[in-house]
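Down below is the structure, laid out as C-alpha cells.
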Amino acid sequence: MNAFIVSGVCVAVLVAGMVILAIIFRTNGQVVISGKRRRYLIYVPVCYDPAKPTPLVFNIHGLAQWPANQKHVSQWNDLANKEGFIVVYPMGTQIPLHWNSHVPVERSIRSQQEVAFFAAMIEKISKQYN
C-alpha cells in the first residue's frame, strides 16, 4: 500500500513538473539549425498592417531565463503595440538556458550556430510578415 502511494505521488510530481516546463518553455515558432530544433516566441502587434514594412526586434533573455519570462519582465508586447514592431523572444540552449556567445564567432561552432539561428528566424519571419 505504501509503495502504491509513493508511486502515485511520484507520478503526480512528474506530471506537474512537465506542465510547469510546458508553460515556462511556451513558444509559438521554430526553425531547424544543424538538425536541431530551435524555438522562439513571436508577438505581432495588433496594429500590424501586412501592406506596410514592419520592424523586427529581438528581445533576448538572460542566463537561466526563458522567452515567456522575458516577455513578461520586459513588457515589450505593449511597446510593440504602441510603436508598431514585431518582437521575437528567442530561446537559448541547454539547461540552464543560455547563449553560446562567449567565444568569437570565427572560433566557435556553437557561436556560429547562434548566428545561424538568428539568420533563420529573420528569414522565416520575413517570409510570413512584411
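- Partners of Q75 under the side-chain hydrogen bond (donor to acceptor under 3.5 Å, both in side chains) rule, at least two apart in sequence or in another chain, do not exist in this structure.
- M121 places a side-chain heavy atom less than 4.5 Å from the side chain of V88.
- In the hydrophobic clustering of this structure, F58 does not group with L41; members are Ile, Leu, Val, Met, Phe, Trp, Tyr whose side-chain heavy atoms approach within less than 4.5 Å, directly or through other members.
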* Pair V31-I33, side chain to side chain contact (heavy atoms under 4.5 Å, CB included): steps then yes or no -> CA-CA 7 Å; V31 292; I33 304 299; 4.2 Å; yes
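- Between W76 and F85, the angle of the ring planes goes over 60°, which puts this pair in the perpendicular group of the 30/60° scheme.
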* Asked: Under the side chain to side chain contact (heavy atoms under 4.5 Å, CB included) criterion, do Y43 and I86 qualify, and how do the steps go?
  -> CA-CA 6 Å; Y43 179 77; I86 295 171; over 6 Å; no
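- Among the candidates E114, Q113, Q30, the single residue satisfying the side-chain hydrogen bond (donor to acceptor under 3.5 Å, both in side chains) test with R38 is E114.
- A donor atom on one side chain and an acceptor atom on the other are not found under 3.5 Å apart for T54 and N130.
- Distance alone, capped at 3.5 Å, places no donor-acceptor pair between the W99 side chain and the S111 backbone.
- Taking 4.5 Å as the limit, every side-chain heavy atom of K71 sits out of range of all side-chain heavy atoms of N59.
- The side chain to side chain contact (heavy atoms under 4.5 Å, CB included) test applied to Q94 returns H98, R110, not counting sequence neighbours.
- Taking each heavy atom of Y129 and Y48 in turn, the nearest pair found is CA-OH, 3.3 Å.
- N77 and Y89 are linked by a side-chain donor-acceptor pair at a separation below 3.5 angstrom, with hydrogens and angles left out of the test.
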